[in-house]
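Lettering of chains follows the sequences in order, A, B, ..., and the numbering in each one begins at 1.
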Amino acid sequence: MDNYLELVYAVTRRIPRGRVTTYGAIADYLALGSARMVGWALHQSIGAADVPAHRVVNRKGELSGRLHFPTPTMMQQLLESEGVVVVENRVQDFPQRFWHPAEDEE
DNA sequence: AAGGTGACAGGGT
DNA sequence: TACCCTGCCACCT
């Protein structure tokens, strides 16, 4: 178990309900690796039910990771259950929904 | 050992 | 807004 994975999971778990963030924002906050590393880390999160990976999208607000969930629609389903509107695999009002780890609003 | 791949991002056109 | 190219870095052939 790489410590890097735990770091990414820890940040992901702090994403407020109903908000989303990006791979790049997490990489930027950790100041480790790159956005690709975060994508890789979340890929490993499959099976870790306590990690809300559905709240992490790419810079355009697209649900680029939906195909890695148990079902292709689960990611969108989870987001909508939190009040996040998703259309054509894209988060609506993305700039407003965006949350950066450094904000730490909770 | 070397090259390809990927849940990405930023800048140019 | 969209498409293309380049940088990124660990993992998997």
message: List the residues meeting side-chain hydrogen bond (donor to acceptor under 3.5 Å, both in side chains) with R66(A), not counting sequence neighbours, and say none if there are none.
response: N89(A)
- request: For residues 13-66 of chain A, pull every pair meeting ring-ring contact (aromatic ring centres under 6.0 Å, His included), keeping only residues two or more places apart or in separate chains.
  value: H43(A)-H68(A)
field: Reported OG1-to-CD1 distance for the pair T12(A) and I26(A), which is rounded to 0.5 angstrom
entry: 4.0 Å
query: Apart from I46(A) itself, what residues make up its hydrophobic cluster, given side-chain heavy atom links below 4.5 Å?
result: none
- prompt: In chain order, what residues pass the salt bridge (Lys or Arg N to Asp or Glu O under 4.0 Å) check against E82(A), with sequence neighbours excluded?
  reply: R55(A)
Co-members of the apolar cluster containing V84(A) [side chain, <4.5 Å]: V20(A), V57(A), L63(A), F69(A), M74(A), M75(A), L78(A), L79(A), V86(A), V91(A), F94(A), F98(A)
- prompt: Taking DNA chain B as the partner, which of residues 54-61 of chain A come within under 4.0 angstrom of it by heavy atom?
  reply: N58(A), R59(A)
query: dG10(B) C1' sits how many Å from D28(A) CG, rounded?
result: 13 Å
statement: In whole angstroms, the gap separating C1' of dA7(B) from CZ of R90(A) amounts to 17 Å
- request: Under 4.0 Å between any heavy atoms, over every strand shown, what does T22(A) touch: base, sugar-phosphate, or nothing? Just pick one.
  value: sugar-phosphate
query: Can you tell me how far C1' of dG10(B) sits from CD of E62(A), to the nearest Å?
result: 15 Å
message: Looking at T21(A) and W99(A), would you say the former's side chain and the latter's main chain have a donor-acceptor pair under 3.5 Å?
response: yes
message: R90(A): which residues meet the side-chain hydrogen bond (donor to acceptor under 3.5 Å, both in side chains) condition with it, sequence neighbours left out?
response: none
query: To the nearest angstrom, how far is N89(A) atom CG from dA2(C) atom P?
result: 13 Å
- request: Could you name each residue pair satisfying salt bridge (charged side-chain N to carboxylate O under 4.0 Å, His left out) that touches residues 26-35 of chain A, not counting sequence neighbours?
  value: none
message: Using the salt bridge (Lys or Arg N to Asp or Glu O under 4.0 Å) criterion, which residues pair with D50(A)? Sequence neighbours excluded.
response: R13(A)
Table of protein N/O atoms under 3.5 Å from nucleotides 8-13 of chain C N/O atoms:
from	atom 1	to	atom 2	distance (Å)
dC8(C)	O2	R36(A)	NE	3.2

message: Tell me which residues in residues 73-85 of chain A lie within less than 4.0 Å of DNA chain B, going by non-hydrogen atoms.
response: none
Q92(A): partners by side-chain hydrogen bond (donor to acceptor under 3.5 Å, both in side chains), with sequence neighbours left out: none
- prompt: If you look at every strand shown and take non-hydrogen atoms under 4.0 Å, does A41(A) touch a base, only sugar-phosphate, or nothing?
  reply: nothing
